[in-house]
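What follows is a short report on a single structure.
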Amino acid sequence: MKKINVVESVLQANDAIARDNRALMSGASLLSINLMSAPGSGKTALLEKTLPALAREYACAVLVGDLQTTRDAERLEELATAVTQINTGRGCHLDAAQVAEGLRGLKLDDIDFLFIENVGNMVCPAAFDLGEHLRVVLLSVPEGDDKVGKYPTLFQLADAILLTKVDLLGVLEYDIGRVRDDLSRINTRAPLIELSSTSGQGINQWLTWLGEQHRARATPVAIGLKDD
Ligand SMILES: Nc1nc2c(ncn2[C@@H]2O[C@H](COP(=O)(O)OP(=O)(O)O)[C@@H](O)[C@H]2O)c(=O)[nH]1
Ligand SMILES: [Mg+2]
């Protein structure tokens with residue numbers, strides 16, 4: 001019983017900080033996106049494609065979570081307005097307090113998109129609200145077509161699901177139908193975008209989705225209003 005209380009209080013404390021983070025970022029009119037996946041699914045590679053494309057229209061910043069090293073931040077530092085690496089040590093996920101610390105180092109009013117690359121893990125990040133506006137989950141073809149059913153919690157929470165490395169579809173045995181079938185039971189709300197950072201396939205669809213999300217957030221009161 002005591003153990004359960006401890007876990008709950010950790011999550012409650014996290015959620016309180018996450019609410020403050022969200023309020024801070026909403027107040028600055030930026031859109032924040034938490035990218036989650038297993039290690040190696042292509043989060044950083046996708047950002048390497050995404051950031052230069054968005055830079056024509058938007059100012060982008062990145063918070064990158066990893067246990068150790070600044071390797072991802074080094075890959076991205078030339079491509080964004082600001083890139084901050086958060087080392088979690090042994091932590092298998094980012095938490096809201098770490099993101100709050102990262103936000104303190106950014107000029108939020110000057111940023112349109114904040115991408116948060118979470119620690120590569122398909123379980124722990126799902127439990128920790130960071131205060132992000134949207135959650136994007138990546139699933140790469142080499143991981144296998146059974147993962148949506150095996151890690152439902154992560155996929156349930158997603159606002160978009162990206163099937164990455166689709167350039168490998170002809171090389172590996174992979175049944176997209178199985179992924180769609182699992183998603184039909186777990187999450188019918190999020191679009192499934194098939195893409196490859198290597199070939200560029202699907203990247204425009206991803207960029208279009210990002211643009212739509214940004215516009216929807218910038219003009220929320222316009223939705224449903226009649227001009228009478
Ligand atoms: N074939 C292929 N490889 C990719 C693609 N995207 C990423 N990779 C490779 O997958 C590996 C892991 O990518 P990375 O972006 O570091 O994954 P992360 O750990 O999720 O950030 C790297 O060797 C990338 O070059 C892709 O679309 N196609
Ligand atoms: Mg990475």
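First listed ligand is number 1; within each ligand, the first listed atom is number 1.
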**Request:** Report, in ascending order of atom number, the atoms of ligand 1 lying under 4.0 Å from any heavy atom of Lys43.
**Result:** 15 (O), 17 (O), 18 (P), 19 (O), 20 (O), 21 (O)
**Message:** Suppose we measure from atom 8 (N) of ligand 1 to each protein heavy atom; which comes out shortest, and what is that distance?
**Reply:** Lys165 CE, 3.6 Å
**Message:** With heavy-atom distances below 4.5 Å as the criterion, would you say the side chains of Val99 and Asn34 are in contact?
**Reply:** no
**Message:** How far is atom 27 (O) of ligand 1 from the closest protein heavy atom, and which atom is that?
**Reply:** Ser197 N, 2.9 Å
**Prompt:** Short check: is a protein heavy atom less than 4.0 Å from atom 25 (O) of ligand 1?
**Reply:** no
**Request:** Would you tell me whether Thr44 and Glu117 have side-chain atoms, one donor and one acceptor, within less than 3.5 Å of each other?
**Result:** yes
**Request:** Enumerate the atoms of ligand 1 whose separation from the nearest heavy atom of Ala45 is less than 4.0 angstrom.
**Result:** 6 (N), 7 (C), 15 (O)
**Prompt:** Within the structure, does Leu46 bring an N/O atom to less than 3.5 angstrom of an N/O atom in ligand 1?
**Reply:** no
**Request:** Please check atom 13 (O) of ligand 1 for a protein heavy-atom neighbour under 4.0 Å.
**Result:** yes
**ligand 1 atoms in contact with Glu117 (distance to a heavy atom under 4.0 Å)** = 21 (O)
**Request:** Please examine the side chains of Thr50 and Phe115, heavy atoms only from C-beta on, and report whether any two atoms are closer than 4.5 Å.
**Result:** yes
**Request:** Report the nearest protein non-hydrogen atom to atom 17 (O) of ligand 1: residue, atom name, distance rounded to 0.1 Å.
**Result:** Gly42 N, 3.1 Å
**Item:** Min side-chain heavy-atom separation Leu67-Thr88 under 4.5 Å
**Value:** yes
**Request:** Consider every N or O of Pro39 and every N or O of ligand 1, then say whether any pair is closer than 3.5 Å.
**Result:** no
**Request:** Check each atom of ligand 1 against the heavy atoms of Asp167 and keep those under 4.0 Å away; list them by number with element.
**Result:** 1 (N), 2 (C), 26 (C), 27 (O), 28 (N)
**Message:** Restricting to N/O/S atoms, is Asp66 within less than 2.8 Å of the Mg ion (ligand 2) or not?
**Reply:** no
**Message:** Please report, to 10°, the angle around the Mg ion (ligand 2) from atom OG1 (Thr44) across to atom OD2 (Asp72).
**Reply:** 90°
**Message:** Below 4.0 Å, non-hydrogen atoms only: which portion of Arg75 touches ligand 1? Side chain, backbone, both or neither.
**Reply:** side chain
**Asked** Below 4.0 angstrom, N of the basic side chain to O of the carboxylate: do Arg22 and Asp129 qualify?
**Response** yes
**Message:** Can you confirm whether Leu47 sits close enough to Val64 that some side-chain heavy atom of one is under 4.5 Å from a side-chain heavy atom of the other?
**Reply:** no
**Item:** Pairwise distance CD(Gln156) to CZ(Arg185) - rounded to 0.5 angstrom
**Value:** 12.5 Å
**Request:** Check whether any side-chain heavy atom of Ser41 sits under 4.5 Å from a side-chain heavy atom of Glu143, and report yes or no.
**Result:** yes
**Prompt:** Tell me, which protein residue and heavy-atom name are nearest atom 3 (N) of ligand 1, and how many Å apart are they?
**Reply:** Thr198 OG1, 3.6 Å
